[in-house]
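A quick write-up on the structure given underneath.
Hydrogens, waters and symmetry mates play no part in the numbers below; they use all other heavy atoms, side chains included. Bear in mind the structure is a predicted one, so any value in this text is a computation, not a measurement.
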Amino acid sequence: MSGDHSHNDSQIDSGSRHNDSHKHKDKYKDKEHKHKDHKKDKEREKSKYSNSEHRDSSDKKHRDKDKERLKLKDGSSDKQKDKHKEKKKEERSFDGKPKKEKENGFESPFIKSEPENDFYHSPKHEKSLKRELKKGEAVTDGKKKAKKEPEEKWKWWEEERYTDGVKWKFLEHKGPVFAPPYEPLPSNVKFYYDGKYMKLSPGAEEVATFFAKMLDHEYTTKDVFRKNFFKDWRKEMTSEEKSKLTDLNKCDFSEMSEYFKAQSEARKAMTKEEKLKIKMENERILQEYGFCVMDNHKERIANFRIEPPGLFRGRGDHPKMGMLKRRIRPEDIIINCSKDSKHPKPPPGTKWKEVRHDNKVTWLVSWTENIQGSIKYIMLNPSSRIKGEKDWQKYEMARRLKKCVDRIRAQYREDWKSKEMRIRQRAVALYFIDKLALRAGNEKEEGETADTVGCCSLRVEHLTLHQEMDGQEYVVEFDFLGKDSIRYYNKVPVEKRVFKNLQLFMEDKEPEDDLFDRLNTSILNKHLQELMDGLTAKVFRTYNASITLQQQLNELTTSEDNVPAKILSYNRANRAVAILCNHQRAPPKTFEKSMQNLQTKIDAKKEQLADAKRELKSAKADAKVRRDEKSKKAVESKKKAVQRIEEQLMKLEVQATDREENKQIALGTSKLNYLDPRISVAWCKKLGVPIEKIYNKTQREKFAWAIDMAEKDYEF
DNA sequence: GCCGTCACTTAGTACTACTCCA
DNA sequence: TGGAGTAGTACTAAGTGACGGC
């Protein structure tokens with residue numbers, strides 16, 4: 001962590017999703033949130049796609065103990081062979097100099113493309129799928145798979161980038177995949193109202209099945225959920241149904257629920273052949289709809305399926321939980337592609353809402369959802385050029401912050417003393433964002449979402465000031481619900497001046513009043529913009545996460561450690577970041593059981609080790625008496641056995657420690673979104689840890705740019 | 001300067017497919 | 001070989017922040 005950046009373990013221990021209820025703010029207005037139709041069409045129509053256009057610390061106890069243990073054996077065999085090909089010595093800059101103009105012949109290239117496509121489209125691929133299933137070979141990580149990865153990947157990071165907001169010049173795709181139509185229930189699956197069988201109309205039946213599918217979920221017991229569901233369900237009923245079905249409590253969905261459970265079981269029990277058939281069909285759909293062509297390159301689409309209808313499941317105490325998420329039809333869909341591409345066709349007898357050609361945006365398909373009125377998009381996979389460039393840019397921005405963060409910190413410390421309240425508030429808020437990695441905290445429309453806050457939207461009730469606590473002075477106790485209604489709980493000692501300011505901000509205020517009443521994210525970001533070009537509140541999160549990882553890796557790992565020890569340390573560094581960013585998860589349902597199993601394994605291994613040691617001892621004694629070759633060999637083999645078991649035991653123990661420490665912490669979020677991948681790549685290269693130990697296949701694809709460009713001496 | 005809209009990133013969870021071990 | 005446990009993936013909600021109009 002940077003400088004005084006510390007956080008409290010209590011953050012995780014007590015962290016959980018909470019259902020606080022809060023009073024409403026006056027300033028919120030009760031407005032219908034509706035989106036107007038898009039306006040800039042004319043402008044968009046003007047877009048040109050000419051090719052000639054420019055291309056432009058609680059861990060410490062464990063840590064020491066485990067390290068000691070792991071140091072015992074250095075798996076020198078684990079040392080990675082230096083397989084990295086020679087690369088440019090200089091680190092490439094994001095704004096790197098333009099390379100040679102690339103020729104762009106944007107004729108519809110769905111068919112032609114990289115070698116991998118040929119593979120996927122060939123009968124050979126189908127055969128290989130079948131073979132895999134037959135052999136039970138994994139279509140995941142591992143040696144077998146590694147061979148299949150195409151040799152030549154497009155290195156977009158070595159090419160020139162577009163400027164002036166142009167995202168692409170050619171874009172062709174097949175449009176979205178719609179949710180399958182509703183299949184009515186078989187006649188033997190019945191719905192009962194007030195104990196009596198009732199045949200539902202298809203529309204009402206479909207919505208009823210959404211509820212039935214969730215019957216075992218806690219959601220369906222919540223009043224808000226039930227109320228919203230029933231209200232929306234009634235809208236789908238015939239007038240006759242409406243008059244009869246007036247009380248949700250009298251509705252009996254149990255047969256439906258049983259039917260879906262049985263279906264799910266049947267799916268699990270399918271034969272290999274049936275499963276293969278489904279797999280192949282999915283693969284076919286993926287091949288047809290899962291890729292697009294963007295500027296002569298075939299790119300993977302992230303979410304090409306339209307969200308199916310169902311019941312809205314908000315997070316936390318969401319006022320709209322249970323509402324009906326309606327079915328999206330072609331008439332709701334806006335297609336975005338280039339003029340000169342082969343436009344996707346709507347299903348027979350239907351029309352798209354609109355086909356537009358806006359190359360200033362990255363999305364392929366969009367529609368407006370009915371719950372919040374927000375727009376949903378189909379976009380490209382994280383491994384695509386368009387996402388990768390943005391990611392790279394994000395980390396470059398964070399690195400720029402690194403260069404001026406001292407000046408910014410000095411400035412906000414100075415501002416704590418300002419005569420102006422708004423400046424003091426801004427400075428204290430920025431201090432929290434920097435020190436605690438809090439999110440900016442945009443204002444939210446009341447009644448539309450769960451009551452969650454970020455830094456700028458903190459209320460008086462979210463903080464408790466302690467002049468002294470647990471032997472520390474000026475402690476601020478935070479307790480609020482952040483994004484996704486994840487609880488943020490932390491006790492932080494702050495500087496006296498911050499403490500005094502907070503007292504001032506809270507003076508004469510009610511608990512539900514804003515802590516920073518003279519501040520919002522727009523004001524804060526405008527100020528940050530003045531301090532550094534492009535700086536916003538969220539850059540601090542990226543910066544602090546990445547710098548923390550780098551510092552922790554330096555602190556925790558040495559080249560003498562063996563690979564498992566290094567990985568344990570990496571996970572601990574990753575964990576420090578996850579704690580800083582408050583990335584939590586619900587403990588896995590099977591956690592206790594799996595820990596028990598692991599402990600059983602450890603105990604058995606210990607016994608096995610004791611046995612092996614005894615055998616070694618007796619073999620030694622035997623060899624001493626006999627003094628022949630045979631007994632010498634026996635001693636050697638027993639020694640090896642002991643060694644092998646010790647290694648196995650160590651591995652299990654490391655696994656147990658790692659799992660225990662990860663119980664409530666989600667490492668994935670920070671790894672994927674906050675940690676400059678070049679830090680991890682450089683660390684792997686420097687310490688001889690295979691990159692596969694840190695990043696799985698998907699992650700390696702996302703971070704291909706970093707894996708290719710970062711050398712072992714890379715510094716964030 | 002405020003507000004609404006839009007585009008895009010970040011987030012946790014549910015489900016599925018795979019691995020490993022008896 | 002089958003089942004339990006887990007890692008990986010798909011899904012989609014919930015944030016951030018830019019921008020334009022009034």
Side-chain angles (χ1 to χ4, degrees), chain A residues 17 27 29 31-40 132-133 136-142 145 165 167 217 264 267-268 275 278-279 282 302-308 310 312-316 318 320-321 325 336 358 360-363 366 368-369 371-377 379-382 386-387 390-391 394 439-445 448-450 452-454 456-457 482-486 520-526 528-529 534 536-539 541-542 581-586 588-591 593-595 597-598 601 655 659 666 668-670 672-674 696-699:
Chain A
R17 189 162 287 158
K27 63 182 173 184
K29 287 163 199 162
K31 279 185 185 166
E32 190 68 26
H33 189 73
K34 280 184 182 166
H35 288 255
K36 289 176 195 161
D37 280 332
H38 305 284
K39 291 173 189 168
K40 303 169 202 163
E132 273 168 20
L133 208 93
E137 276 181 19
V139 190
T140 55
D141 240 346
K145 193 69 198 290
K167 303 288 168 50
H217 204 287
S264 158
R267 226 173 296 128
K268 279 182 207 157
K275 282 182 182 169
I278 292 172
K279 194 175 174 182
N282 284 336
N303 55 324
F304 54 90
R305 289 174 201 274
I306 299 283
E307 295 173 21
F312 176 74
R313 304 148 86 132
R315 305 196 180 138
H318 202 294
K320 295 192 170 184
M321 64 167 81
K325 240 178 80 161
N336 194 31
D358 183 358
K360 297 274 174 71
V361 298
T362 65
W363 54 268
S366 78
T368 303
E369 55 92 29
I371 305 289
Q372 327 258 18
S374 66
I375 307 168
K376 299 267 189 166
Y377 302 96
M379 290 186 192
L380 294 193
N381 190 273
I386 223 159
K387 294 288 181 189
K390 206 72 191 296
D391 214 32
K394 174 181 77 186
R439 293 187 186 85
N442 279 323
E443 285 171 41
K444 301 167 74 187
E445 225 173 318
E448 294 290 307
T449 56
T452 60
V453 297
C456 294
S457 50
K483 183 178 178 179
D484 294 320
S485 293
I486 296 289
N520 60 37
T521 52
S522 161
I523 296 172
L524 179 68
N525 282 334
K526 227 167 257 170
L528 293 174
Q529 197 65 238
T536 63
K538 88 187 189 87
V539 179
R541 243 167 111 81
T542 313
C581 296
N582 200 37
H583 291 145
Q584 299 189 32
R585 62 165 185 173
K589 281 170 195 151
T590 53
F591 184 81
K593 201 180 162 198
S594 79
M595 277 310 274
N597 290 349
L598 196 54
K601 274 188 195 171
Q655 205 184 340
R659 199 181 292 173
T669 309
S670 47
L672 241 42
N673 300 301
Y674 289 102
N696 66 29
K697 184 170 171 274
T698 313
Q699 292 162 341

Does [X] reach a base, just sugar-phosphate, or nothing at all? Heavy atoms under 4.0 Å.
X	answer
A:Ala586	sugar-phosphate
A:Tyr377	base
A:Thr449	nothing

Checklist entry - Between C:dT16, C:dA14, B:dT13, which nucleotide gets closest to the side-chain atoms of A:Asn442? => result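 Selected nucleotide (nearest to the side chain): C:dT16.
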Holding to side chain to side chain donor-acceptor pair (under 3.5 Å), I want the full list of residues that pass it with [X], two or more places apart in sequence or in another chain.
X	value
A:Lys394	A:Asp391
A:Thr669	none
A:Lys483	none
A:Lys167	none

Next on the checklist: Show me the dot-bracket string of DNA chain C, counting Watson-Crick or G-U pairs under 3.5 Å, with | for pairs to another strand and [ ] for crossing ones.
Outcome noted: ||||||||||||||||||||||
Verify the contact: side-chain N or O of [X] to OP1 or OP2 of [N], cut-off strictly under 4.0 Å; return yes or no.
X	N	value
A:Thr521	C:dG17	no
A:Asn673	B:dT9	no
A:Lys697	C:dA7	no
A:Lys526	C:dG17	no
A:Gln372	C:dA13	no
A:Arg541	B:dA11	yes
A:Thr669	B:dG12	yes

Item to check | Under-3.5 Å donor-acceptor pair between A:Lys538 side chain and B:dT10 base | outcome: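 Answer is no: no donor-acceptor pair is held.
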Item to check | Minimum side-chain heavy-atom gap A:Gln699-A:Leu672 below 4.5 Å | outcome: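 Touching, per the 4.5 Å side-chain cut-off.
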Checklist entry - What residues form a ring-ring contact (aromatic ring centres under 6.0 Å, His included) with A:Phe304, not counting sequence neighbours? => result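 Here no residue qualifies.
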